[in-house]
2 protein chains.
Amino acid sequence: MAIRPAEQLIHKAAWLYYAHGLRQDQVASQLNISRASVAMYLRKARETGIVNISTSTQLFTDDVLARKLEDALSLDAVWIAPENDHIADPSTEIAVLAASVFLELVKKGDRIGVAWGRTVYMIADIMSYADLQDVTVVQLCGNLGAPYSYRPDQCTMEIARRLNAKGLNFYAPLVLSTEELARALRAEPVIREQLSGVGECDLALYSVGAVDADSHLVKCGALTSGEMAELRSRGAAGVIAGQIIDADGKVLDCSYNRRVISAELASLRAIARRLMVVQEDSKFEPLLAAIAGGLCTHLVVGARMAQRLLDHAGATTEKAS
Amino acid sequence: MAIRPAEQLIHKAAWLYYAHGLRQDQVASQLNISRASVAMYLRKARETGIVNISTSTQLFTDDVLARKLEDALSLDAVWIAPENDHIADPSTEIAVLAASVFLELVKKGDRIGVAWGRTVYMIADIMSYADLQDVTVVQLCGNLGAPYSYRPDQCTMEIARRLNAKGLNFYAPLVLSTEELARALRAEPVIREQLSGVGECDLALYSVGAVDADSHLVKCGALTSGEMAELRSRGAAGVIAGQIIDADGKVLDCSYNRRVISAELASLRAIARRLMVVQEDSKFEPLLAAIAGGLCTHLVVGARMAQRLLDHAGATTEKAS
DNA sequence: GGCCTGGTTTGACTTTTGTCGAAGGCCGTG
DNA sequence: CACGGCCTTCGACAAAAGTCAAACCAGGCC
């Protein structure tokens with residue numbers, strides 16, 4: 001597609017201003033337009049990712065706590081969002097951090113798997129725009145048509161839009177009513193192709209869900225709160241990409257899981273960089289399960305959660321020795 | 001190494017300002033410092049690459065001319081710096097563009113080979129700072145101790161400094177007086193290791209030198225202008241990483257080349273991304289030679305040079321058909 | 001202890017940038 | 001061809017950011 005003249009101007013203005021360091025009025029006279037227009041073009045350039053302003057997230061990895069956690073849980077990298085005193089909203093803080101970390105982890109040519117949830121959508125919503133060309137964002141699990149604005153396909157699309165990337169979503173329900181139908185659907189070429197493509201991803205972004213009545217699975221009607229309670233008593237510890245896992249991070253053997261259309265945990269584990277983001281303190285056990293299952297290599301959490309994880313890790317190794 | 005408190009503050013200020021979008025006075029009151037300090041911290045943050053402002057160089061690849069050149073010369077990507085009307089200084093323009101392109105091509109964990117020359121040093125000098133952690137910059141060829149400020153080791157070091165990367169330079173002379181000594185020196189473990197490490201680079205940055213009396217090789221006394229003229233009559237077409245190549249981009253069979261300590265062209269060609277930058281219009285033949293020898297995959301040139309290259313390519317294919 | 005020295009920090013000032021309503025074009029439509 | 005909607009551009013004003021000399025502080029040295 002040819003670049004529209006307006007876009008040319010935005011590029012030129014951004015180039016002169018940011019690369020050459022001219023002032024806005026100098027840019028304006030170079031391009032024979034008013035300074036106010038330059039200001040507008042520059043705003044657009046920032047909004048569309050033509051210019052990219054990113055801040056290093058080192059501060060949050062360089063923490064002692066973060067280092068200890070990396071060692072204790074043998075993760076590749078951990079970022080810890082502060083939660084002390086005057087941080088207005090810790091969960092937003094975590095999302096902002098996660099968005100930055102995510103953008104730092106994305107490389108050109110990457111294929112990115114994205115799951116679904118409030119956290120992921122919040123990150124997508126906060127994330128600044130970038131101009132990665134040949135990036136593909138794929139949806140990791142089927143849809144939950146629901147009164148929610150953060151459906152799986154929405155998460156995928158929004159992130160793709162922000163990155164200027166190609167979005168690949170598939171429109172299968174997350175969960176079907178019979179195992180038979182799920183099996184048949186998984187065998188469908190379109191679906192099978194999508195699911196097998198997950199293993200070729202370079203980067204994954206997801207959170208972990210809790211197994212309680214507040215879970216989206218319950219809210220969206222995929223499970224009743226009674227069923228959820230039952231699964232819980234049978235060892236359910238968390239939800240990853242729509243699937244229920246036990247405390248070891250293995251897929252729980254249950255009818256629900258067999259009725260789900262989603263990427264297999266094995267293909268998730270095949271993704272080199274798996275970024276997990278957890279906002280809520282209440283998701284301690286689910287997170288432990290996900291970590292136990294080797295479902296994350298990179299982790300973004302709040303300070304309180306980080307402390308709990310470290311305490312827990314310390315306690316278990318102590319017991320072991 | 002522990003982060004100094006001052007650096008912590010820079011990080012925090014940058015984070016609040018750029019990631020959260022607070023105003024400077026809001027940042028100031030959050031951190032209990034004056035707004036002026038915040039402004040200073042932010043400048044430092046930009047200068048040290050803690051925040052990264054980069055503008056897409058798409059504008060310069062999306063050119064029709066650039067596309068045609070990519071096809072005609074079968075290069076991976078070509079960037080063309082405009083040279084029309086009110087561009088004050090085309091060669092600076094090319095360097096600025098090259099610096100941006102270079103930064104766009106660098107990925108984390110890369111090993112980067114850097115050659116030497118006025119162009120490369122100018123790029124290094126203009127290039128903005130970045131905070132790549134595990135990047136290594138290696139020197140591609142021996143040193144020319146000389147009254148020049150852009151010696152090979154300087155280029156390497158400066159680029160490493162800007163990227164916050166590790167610089168690996170080796171202190172051997174570029175050219176020795178006897179072939180024997182050169183052979184012996186190349187066999188030295190330190191040198192051999194460095195030279196063999198070149199093949200493992202992911203990215204190379206160099207320009208091409210002309211074979212005339214203005215060449216650095218002559219200016220630095222490695223060759224007399226008489227010798228240079230003689231080599232020229234024997235088919236010398238350009239200089240790459242200190243070595244003289246013929247019109248086909250092959251190493252010229254001559255005593256000088258045998259006395260040089262530098263990366264072999266074969267190991268240069270083994271580098272996946274080879275960014276060549278040419279500023280001077282006079283380097284047309286040397287550039288042709290380098291391209292013929294497959295020594296570049298990515299090219300940054302001025303508009304006039306681009307046009308000449310395209311005309312030339314058109315002429316040769318016409319003749320061939 | 002007094003006294004430099006180098007680097008921060010500050011308040012006051014200047015310059016630059018963001019924004020807004022109004023005016024000006026451009027294009028498709030009636 | 002006039003009209004209205006939509007987007008761009010403009011000038012002027014308000015807000016924000018950059019800058020600088022002076023004050024300040026800590027640490028090393030006499």
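Just so we're on the same page: letters track the sequence lines, and every chain starts at 1.
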Nearest-angstrom distance from the residue atom CG of B:L31 to C1' of C:dT10: 16 Å

Hey, does the side chain of A:K44 come within less than 4.0 Å of D:dC7's phosphate (OP1/OP2), counting only N and O? no

CA sep, side-chain torsions, deciding dist, call: A:S56, B:H11, side-chain contact (heavy atoms from CB on, under 4.5 Å): CA-CA 8 Å; A:S56 152; B:H11 262 99; 3.9 Å; yes

Would A:V78 and A:L309 satisfy side-chain contact (heavy atoms from CB on, under 4.5 Å), going step by step from the backbone distance to the final call? CA-CA 12 Å; A:V78 174; A:L309 284 171; over 6 Å; no

5' to 3', nucleotides 9-23 of chain D under a 4.0 Å protein heavy-atom cut-off (B base, S sugar-phosphate only, - none) gives BBB----SBBB----

Stepwise side-chain contact (heavy atoms from CB on, under 4.5 Å) check, A:D311 with A:Q307: CA-CA 6 Å; A:D311 291 348; A:Q307 192 56 58; 3.0 Å; yes

Rounding to the nearest 10°, end axes of the helix from C:dG1-D:dC30 to C:dG30-D:dC1 built from five pairs each make an angle of 10°

State the CG-CG distance between A:L205 and A:L105, to the nearest 0.5 angstrom. 9.5 Å

Is a donor on one side and an acceptor on the other found under 3.5 Å between the side chain of A:Q24 and the backbone of A:V38? no

Give every residue pair that meets the salt bridge (charged side-chain N to carboxylate O under 4.0 Å, His left out) criterion with at least one member in residues 20-29 of chain B, sequence neighbours excluded. B:R23-B:D25

Test B:D125 against every option in B:R162, B:R118, B:R161 by the salt bridge (Lys or Arg N to Asp or Glu O under 4.0 Å) rule and name the one that passes. B:R162

Report the relative orientation of the aromatic rings in A:W79 and A:H298; use parallel for angles under 30°, tilted for 30 to 60°, perpendicular for over 60°. parallel

